[in-house]
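Inspection log for the structure reproduced underneath, given as structure tokens.
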Amino acid sequence: MTEIIDGNEVAAEIRSDLSTAVDQLRAAGVEPCFGTILMSPDPAAETYVSMKQNDCEEVGIETRDVELTTDEPAEKLFAAIDEFNEDPDVHGILVQSPTPEHVDEEAVLERIDPRKDVDGFHPENVGKLVAGTPRFKPCTPHGIQKLLAHTGIDTEGKDAVVVGRSRIVGKPMANLFIRKEEGGNATTTVCHSRTENLAEKTQNADILVVAAGRPEFVDGSMVGDGAVVIDVGINRVDADTEKGYELVGDVAFESAKEKASAITPVPGGVGPMTRAMLLYNVIKAAGQQEDVDVDLP
Ligand code: NDP
């Protein structure tokens with residue numbers, strides 16, 4: 001029987017533990033606070049920000065919100081970041097991507113105070129992750145580590161194959177898998193669009209993480225017997241549903257399930273974990289900035 005890894009269930013457990021961590025901050029007189037900045041041409045960005053704010057409120061994190069229209073100058077966005085950077089009551093900052101074309105996305109990442117960079121994308125935080133001393137683990141790969149741990153899957157000595165080398169998923173996932181710590185110590189291969197004989201690599205994986213952004217791209221023929229398959233992809237494809245589309249992963253679920261020992265569904269696998277780990281980083285940031293010890297799950 002293939003285990004279907006329930007991300008909603010694990011994320012709910014983590015959120016419950018995080019509420020306790022918020023109580024510890026409050027007992028020390030600290031109100032954790034998350035500042036979001038929305039300036040995006042993508043209509044879905046507004047939904048993403050409000051989902052993150054609702055998640056925060058659910059565990060007791062305050063939110064501040066700045067909304068800018070896409071025709072405003074980049075300086076306005078930088079000024080909003082500076083204001084959050086300088087406000088000691090704001091512990092974590094997120095600028096929802098994508099930003100408009102006239103805004104330099106790299107400059108945005110570099111503008112955020114690295115101590116408040118709860119996405120973990122500031123070059124200083126990327127450097128710390130690569131050096132093996134992460135300040136904030138990026139949310140999606142951290143969530144995957146937690147998902148594996150909760151499912152009782154040990155990564156040590158395993159062959160992990162990551163398909164995708166993006167800044168937000170593939171690269172940090174590989175960095176976490178090779179760390180000398182629990183949830184790491186895996187022998188890690190990173191594949192990308194120039195990889196030759198991809199199936200040969202994926203078939204060899206004990207743990208296969210797919211983040212390619214291509215609907216149902218990895219099927220059962222690319223999965224080794226008994227592998228653990230983590231599907232990061234979230235793709236909208238046309239479908240005969242009320243909304244006119246459905247969400248599918250980067251893995252062809254039914255055929256991969258035939259081969260896998262455990263697999264994440266889409267939706268309900270990695271997605272809820274990413275959201276939970278953002279809360280984790282905000283609470284961690286608040287503890288660090290206010291010098292309060294908090295028990296993180
Ligand atoms: P990117 O588009 O930034 O990166 C995709 C990666 O996949 C690239 O490294 C690319 O290679 C590689 N790739 C593309 N095609 C192939 C191929 N044919 N063979 C091998 N590798 C290939 O995507 P993201 O990492 O941002 O996201 C990936 C997916 O995960 C998306 O569906 C996204 O929506 C989803 N996602 C889900 C999250 C969640 O919480 N569940 C969070 C973040 C993302 P190259 O570098 O050579 O171009």
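Start at 1 and go down the list; that is how both ligands and their atoms are numbered. When reading the values below, keep in mind they use all heavy atoms of this one structure, side chains included, and skip hydrogens, waters and symmetry mates.
- Residue pairs meeting the ring-ring contact (aromatic ring centres under 6.0 Å, His included) criterion with at least one member in residues 124-149, sequence neighbours excluded, are His142-Tyr280.
- Going from atom CD1 of Ile4 over to atom NZ of Lys257 covers 5.0 Å, rounded to the nearest 0.5 Å.
- At a heavy-atom cutoff of 4.0 Å, ligand 1 is contacted by both the backbone and the side chain of Val232.
- Using a cutoff of 4.0 Å between basic side-chain nitrogens and carboxylate oxygens, Arg135 and Glu124 are scored as salt-bridged.
- Polar contact check, Arg194 against ligand 1: no nitrogen or oxygen pair lies under 3.5 Å apart.
- Note on ligand 1: Thr195 sits outside its first shell, no heavy atom being nearer than 4.0 Å.
- For the residues Ala212, Gly271, Ser193, Gly213, the heavy atom positioned nearest atom 48 (O) of ligand 1 is part of Ser193.
- The pair Glu57-Arg15 does not count as a salt bridge, with every side-chain nitrogen at least 4.0 angstrom from each carboxylate oxygen.
- The protein non-hydrogen atom at the shortest distance from atom 15 (N) of ligand 1 is Arg214 NE, 2.7 Å.
- Atoms CD1 and OG1, from Ile283 and Thr20 in turn, are 9.5 Å apart once rounded to the nearest 0.5 Å.
- With a 4.0 Å cut-off on non-hydrogen atoms, Thr140 touches ligand 1 through its side chain and not its backbone.
- Within a 4.0 Å radius of atom 2 (O) of ligand 1, the protein contributes no non-hydrogen atoms.
- When heavy-atom distances to ligand 1 are checked against a 4.0 Å cut-off, Asn235 comes that close only through its side chain, counted from C-beta outward.
- Counting heavy atoms closer than 4.0 Å to ligand 1, residue Met273 contributes nothing at all.
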